[in-house]
Amino acid sequence: MYEGAIQDLIDELGRLPGIGPKSAQRIAFHIIQSERVDISRLTDALRTVKERVKFCTECGNITEEELCRICRDPRRDQTAICVVEESKDVISIEKTREFRGKYHVLGGAISPIDGIGPENLRIRELMVRLASTEIQEIIIATDPNLEGEATAAYLARALKPLGMKVSRLASGLPVGGDLEYADEITLGRAFEGRRTLDS
Amino acid sequence: MAVYRDQAVVLRTQKLGEADRIITLFTKEHGRLRAVAKGVRRTKSKFGARLEPTSFVDLQLYAGKTFDIVTQAQSIENFGEALATDYKNWTTANSILEAAERFTENEHEPALQQFNLVVGALRALAHDTYDSSLILDAYLLRSLGVAGFAPSMTTCSKCDLPGPHKYFSLVGGGSVCVDCRPSAAATPAPQTLSLMANLMTGDWNGAVESEPRSRREASGLIAAYLQWHLERGLRSLPLVERI
């Protein structure tokens, strides 16, 4: 155990995800040995991120303005909306350059075992948004795990009365893998979603 | 016991570090334990969808210092697909898993009866054998029984006077006669108590004939009885969709 400030720093760093006591100690000593200017850059960045970053009032993505970059962009397809769990997922889908519509970030997935129900996610906001805009297609892009599937099933049921086109991201075999290692569920899904080859 | 093999139901998963997960397992021979599945969150993981909650799997584990490590996994039965695509089944399955975690208080303590109950309940749920609410209530009642908290359904739990009795007491351990009843005893409909007795003994023919009103009342009593014995209620229970 160290004394005073250094131990406080180690304790705080140790609360960060993926940082254990040894890593926390190593980072703390790195900070002590660093130039004052480098550290003030870090503290400024930490302070600014907490002050400036907020959630887009429309889609729930992280932004520094009232609306995020995607919601502000008039060139985006206003008729399609892609529902994702986290802001990180928006970035992943944007990298594919396949989707030109807008997003809706739920803020997680339905997980009753952790006490997270539909009312803890931004589902009500999605419904309000759908009622007031020209959206025709909803793409559900929750994670391909059971929580994501259950969230998709809940959404599909809730969206059914609205009469919109609702689709779910396909799942199947990862590109570059071996068939032998594919599990039964993934392989089954791949069979379900097989497509005809153009000859 | 560096490397061992066991059958298990996945109760819960938690993210760990970059791409790993801590998997809470309910194993057949080693009871409840937590193990690390390395790289399971990567799309190319060899585990794929095998280590999702509700999965019934055959595992090879390596005994580690804090957590054991999952080295190989093979599906025995896939309940996940049927459960996650139906929201009612999913919320029910979550409650079963959470209850199983709470009923197995100590890690590494084998609990074969409870294990069989969990697998049976998930199987019935995935195959839509009975109404999901009845499956959950039957599972909870029988789990309470296995844990030694079986409520008495006919005879008075205090003086053994043969019943059926009108009163049901959470504190008193089930049915109580008019002389033994504490002041807070509930007075459920006789059909409700008979439904609970059917669920407890596995008389499904009698249980499926019950009225929705009795089912609702039974669910309420079972939830309250469970909370009394587990000291704190299940987080997933209020989220369960019932008809």
Side-chain angles (χ1 to χ4, degrees), chain A residues 16-20 23 85-86 88 92 108-121 123 140 142-160 168-192, chain B residues 10-21 24 40-55 57 66 73-102 233-241:
Chain A
L16 298 174
I19 302 202
S23 311
E85 286 183 17
E86 307 279 351
K88 290 178 278 187
S92 302
I110 299 174
S111 176
I113 203 165
D114 300 310
I116 301 171
E119 63 284 355
N120 301 106
L121 304 175
I123 293 177
I140 303 175
T142 48
D143 284 344
N145 51 33
L146 287 192
E147 282 171 8
E149 288 300 326
T151 311
Y154 180 86
L155 282 175
R157 198 182 63 178
L159 296 170
K160 208 176 174 190
R168 170 95 174 102
L169 281 197
S171 53
L173 300 169
V175 179
D178 277 12
L179 203 66
E180 174 196 357
Y181 285 105
D183 64 290
E184 301 77 9
I185 303 160
T186 311
L187 199 53
R189 289 277 187 89
F191 259 99
E192 236 172 71
Chain B
V10 177
L11 298 182
R12 184 197 285 271
T13 63
Q14 272 168 272
K15 288 180 184 179
L16 175 73
E18 187 87 356
D20 310 339
R21 273 203 189 114
T24 306
V40 70
R41 279 154 64 203
R42 293 187 209 279
T43 49
K44 284 186 196 171
S45 160
K46 61 177 175 180
F47 297 124
R50 290 186 190 103
L51 296 176
E52 291 284 307
T54 71
S55 296
V57 280
T66 324
Q74 207 165 21
S75 299
I76 299 174
E77 271 182 88
N78 282 323
F79 305 130
E81 192 84 356
L83 298 177
T85 46
D86 182 324
Y87 187 68
K88 188 157 57 77
N89 281 350
W90 173 248
T91 50
T92 310
N94 265 260
S95 268
I96 293 173
L97 299 181
E98 190 183 355
E101 198 176 1
R102 296 283 296 282
L234 298 180
R235 291 213 284 178
S236 53
L237 210 48
L239 295 167
V240 172
E241 267 199 342

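Predicted model only: the values in this text are computed from it and were never measured. Hydrogens, waters and symmetry mates play no part in the numbers below; they use all other heavy atoms, side chains included. Within every chain, numbering begins at 1; the chains are lettered A, B, ... in the order of the sequence lines, protein sequences first and strands thereafter.
Of the two parts of Ala152(A), neither the backbone nor the side chain holds a non-hydrogen atom closer than 4.5 Å to a non-hydrogen atom of chain B. Heavy atoms of Ser95(B) lying under 4.5 Å from chain A are absent altogether. Proximity to chain B is limited to the side chain of Glu119(A), based on heavy atoms less than 4.5 angstrom apart. Using a 4.5 Å cut-off between heavy atoms, Asp114(A) touches chain B through backbone and side chain atoms alike. With a 4.5 angstrom heavy-atom cutoff, Ile110(A) touches chain B via backbone and side-chain atoms both. With a 4.5 Å cut-off on non-hydrogen atoms, Leu11(B) touches chain A through its backbone but not through its side chain. Using a 4.5 Å cut-off between heavy atoms, Pro174(A) touches chain B through its side chain atoms alone.
Each of Asp143(A), Thr186(A), Asn145(A) has some count of heavy-atom pairs under 4.5 Å with chain B, and the biggest count is that of Asn145(A). Note: Ser75(B) leads Ser55(B), Ala93(B), Ser75(B), Pro238(B) in heavy-atom pairs under 4.5 Å with chain A. Comparing Glu81(B), Lys46(B), Glu101(B), Arg41(B) by how many heavy-atom pairs each has under 4.5 Å with chain A, the most go to Glu81(B).
At most 12 heavy atoms of other shown residues, nucleotides or ligands fall within 6.0 angstrom of atom CD in Gln74(B). Residue-environment remark: CD (Glu18(B)) stays at or below the threshold of 12 foreign heavy atoms within 6.0 Å.
Within the model, atoms CG of Leu83(B) and OG1 of Thr54(B) stand 5.0 Å from one another, a figure rounded to the nearest 0.5 Å. Atom-to-atom distance recorded for Thr91(B):OG1 and Leu237(B):CG is 10.0 Å, nearest 0.5 angstrom.
Under the side chain to side chain contact (heavy atoms under 4.5 Å, CB included) rule, Ile113(A) has a single partner from Asn94(B), Leu234(B), Thr24(B), which is Asn94(B). Checked against Thr92(B) for a side chain to side chain contact (heavy atoms under 4.5 Å, CB included), the options Asp86(B), Val240(B), Leu239(B) give a single hit: Val240(B).
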- Task: Kindly determine whether Glu52(B) and Glu147(A) satisfy side-chain contact (heavy atoms from CB on, under 4.5 Å), including the steps that lead there.
- Result: CA-CA 9 Å; Glu52(B) 291 284 307; Glu147(A) 282 171 8; over 6 Å; no

